[in-house]
Asks: 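If you scroll down you'll find the structure; I have some questions about it.
Each chain gets a letter, A, B and so on, in the order its sequence line appears, and its residues count up from 1.
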Number of protein chains: 2
Amino acid sequence: MPQTPPSPSQHTAGRQMRHERTEGDLQHCLLCDRNSGGLCNRIGRDGLEALASSSRRLVLPPGSTMVEEGQAAESFFNITRGTVKLFKSLPDGRRQITGFADPGQFLGLSRAGLYAFGAETVDTVHVCRFQRPQFEALLNDLPHLKRNLLTAITDRLAEAQEQMLLLGRKTAREKVASFLLGRTQTEQPPSDDTPPDPTPVASVPMTRVDIADYLGLTIETVSRTISALRREKLITSTENHCIRILSPDALRQIATGQTAG
Amino acid sequence: MPQTPPSPSQHTAGRQMRHERTEGDLQHCLLCDRNSGGLCNRIGRDGLEALASSSRRLVLPPGSTMVEEGQAAESFFNITRGTVKLFKSLPDGRRQITGFADPGQFLGLSRAGLYAFGAETVDTVHVCRFQRPQFEALLNDLPHLKRNLLTAITDRLAEAQEQMLLLGRKTAREKVASFLLGRTQTEQPPSDDTPPDPTPVASVPMTRVDIADYLGLTIETVSRTISALRREKLITSTENHCIRILSPDALRQIATGQTAG
DNA sequence: TCCTGTTATTGATTTATATCAAAACACTCC
DNA sequence: GGAGTGTTTTGATATAAATCAATAACAGGA
């Protein structure tokens, strides 16, 4: 895996440049823009240029600390590749992962100028980083950006509520089934015309420890539960860090508690 | 308890009116504005007039359904009095209360035009209700309102993350201690110069069922745990639906897991 | 005031999941 | 290719909280 930013040449092939650096970032933004649902949607070419010139792209290796709980919130990130884990901890080390942020998601909101959570890369992660004052300025200049951010946070809040239902009221089996189904959404191919894969694949780049800390379980219970689902032929492990869901309907039944087992 | 809106006369005494109804609501808004942290902060008199004329005040009896999960999101509420519970449910009736909304909080964000949660009044609740299209228009007209909403949602998201830590990783005792401490913040008097009460009082208008569904426990465990804290003289029950915290420091230690017991 | 339904408390027992322990597997680096 | 390290799986046992069950406290209406 290359850990240096990819050369912009592959993106700008066949186009003329204006300013080297900015144009490279702009191309990157234009690519981003095609993936719907992100912060940069419907923001217009001028907006994208402003975003491109205010941000820097970074590539972070697995296990990098991006944000520490309680630190001054200096940066705002938009993830373009890879997976980031967000978490809160207790003094004795117990940890709760509050979410995994995949490409298209932002990261770095603050309460009273301080981050209220920690964030660490799960695998190799590409981000656009903004300095906070510049991002604030962009928010004021680009009403679409503000609106997109509002929509994005609203989605996050809804996800958080769903996760609270999981943590507070679901069994281990229901939790794991919900988790696996949730990990299929993110990796949808950009084309709309292909029919949905009847046996979707869950992207699981994180360790058992991370899954356990996300579901409020121990690693042993996670492992046992995944083994049980495999034994029942509802899922099957594929190559690198992926799990194929053989029976999405059955898994959905389990995830929503509509099953005896 | 009166369930009709209070007469505006007590607020407008000694002032001249312009339009009867609007002026009454405006006075109400001006009062709201004094409580910091709400949506209507720093919004200016013109903004308050726009808000007042776009909203209706309502008084809802205990147990009223304000929002149903999956319904079209037609209204947006700002709570001015009382407590509302927000929740998500599973098909078999298991329920997770995702938060209690107290005065100053909003309610009614939607994802894709549908409410993602249910909401029900705990006690008698006063709200300002906006129709969604009108609220959207206000958001575009009043940049301060948009900014306040962004700040408010960010706070909610941080609270949700804290609650996930509680649900996933805290013991019953730690959960109850956290809950009681959390219920003291809201009822702070508006004056800043008084020293903080050394034995704060937690406002607990909700039933044991609601507390259990909020903490991911059963009513029996909640009851037993509160009894234990009382036996240890860390708390004491006062009159109507309140619990006095005799030893906030000890309770804080418990809530953050820094204690043997 | 008593009656009645609801809510809260307390006790006895069960159970899902945690904890403790060890073996199997999968990398990485010589 | 094999030693060494970390991760995952599987097994045996313990325990916190759930469940089942009964009593006690409370609130509202006649």
Asks: Measure from the side-chain heavy atoms of B:Ala172 and tell me the nearest of D:dA17, D:dT9, C:dT10.
Replies: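 For B:Ala172, the side-chain atoms sit closest to D:dA17.
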Asks: Using side-chain contact (heavy atoms from CB on, under 4.5 Å), reason through A:Leu90 and B:Lys170 one step at a time and then give a plain yes or no.
Replies: CA-CA 9 Å; A:Leu90 287 169; B:Lys170 289 189 180 177; 3.8 Å; yes
Asks: Please state whether the phosphate of D:dT8, meaning OP1 or OP2, lies under 4.0 angstrom from any side-chain nitrogen or oxygen of A:Ser223.
Replies: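 Negative; the distance criterion is not met.
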Asks: Can you find a side chain N or O atom of A:Ser227 that sits less than 4.0 Å from OP1 or OP2 on D:dT10?
Replies: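 For D:dT10, OP1/OP2 do have a side-chain N/O of A:Ser227 under 4.0 Å.
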Asks: Could you tell me whether the phosphate oxygens of D:dA16, OP1 or OP2, come under 4.0 Å of any side-chain nitrogen or oxygen in B:Arg173?
Replies: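 False: B:Arg173 side-chain N/O out of range (4.0 Å or more) of D:dA16 OP1/OP2.
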Asks: If you draw the axis of the six-membered ring of A:Tyr214, does the NZ or CZ of A:Arg95 fall within 45° of it and under 6.0 Å from the ring centre?
Replies: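 So A:Arg95 doesn't make the cation-pi contact.
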Asks: By nearest heavy atom, map A:Lys170 and A:Glu220 onto DNA chain C; which one lands nearer the 5' end?
Replies: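 Whichever sits nearer the 5' end wins; that is A:Lys170.
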Asks: Give A:Thr207 one of three labels, base, sugar-phosphate or nothing, depending on what nucleic acid heavy atoms sit under 4.0 Å from its own.
Replies: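 Sugar-phosphate contact only - A:Thr207 comes under 4.0 Å of backbone atoms but never of a base.
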Asks: Looking at the base of C:dT19, is there any donor atom on it, or on the side chain of A:Arg224, that sits under 3.5 Å from an acceptor on the other one?
Replies: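 Yes, the side chain and the base share a sub-3.5 Å donor-acceptor pair.
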Asks: Is the phosphate of D:dA17 approached by B:Thr221 (side-chain N or O, under 4.0 Å from OP1 or OP2)?
Replies: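 Checking B:Thr221 against D:dA17: no side-chain N or O falls below 4.0 Å of OP1 or OP2.
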Asks: Roughly how many Å is it from NE2 in A:His241 to P in D:dT8, rounded to a whole number?
Replies: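 Taking NE2 of A:His241 and P of D:dT8, I get 8 Å after rounding.
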Asks: Among the candidates D:dT19, C:dA18, D:dT8, find the nucleotide nearest to the side-chain atoms of B:Thr218.
Replies: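 My answer, after comparing the listed nucleotides, is D:dT19.
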Asks: Just checking, A:Arg129 and A:Phe77: is the charged tip under 6.0 Å from the six-membered ring centre and within 45° of the axis?
Replies: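 Because its charged atom misses either the 6.0 Å distance or the 45° angle limit, A:Arg129 does not stack over A:Phe77.
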Asks: Would you kindly give the CZ-to-C1' distance between B:Arg208 and D:dA24, to the nearest whole Å?
Replies: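 These atoms are roughly 14 Å apart.
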Asks: Need to verify one output field. Residue with the more 5' nearest nucleotide on DNA chain D, A:Arg169 or A:Arg231?
Replies: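 Comparing both residues, the 5'-ward one is A:Arg231.
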Asks: Using a heavy-atom cut-off of under 4.0 Å over every strand shown, decide if B:Leu217 touches base, sugar-phosphate, or nothing.
Replies: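 Here B:Leu217 touches the backbone only, sparing every base.
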Asks: Are the side chains of A:Lys88 and A:Thr98 in touch, meaning some heavy atoms are under 4.5 Å apart?
Replies: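 The answer is yes, as the side chains (C-beta and beyond) meet within the 4.5 Å cut-off.
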Asks: Are A:Arg111 and A:Phe117 in a cation-pi contact, defined as NZ or CZ under 6.0 Å from the six-membered ring centre and within 45° of the axis?
Replies: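 Not satisfied by the 6.0 Å and 45° rule.
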Asks: I need the CD1-C1' distance between B:Ile226 and C:dA8, as an integer number of Å.
Replies: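 Atom-to-atom, B:Ile226 to C:dA8, this comes out as 10 Å.
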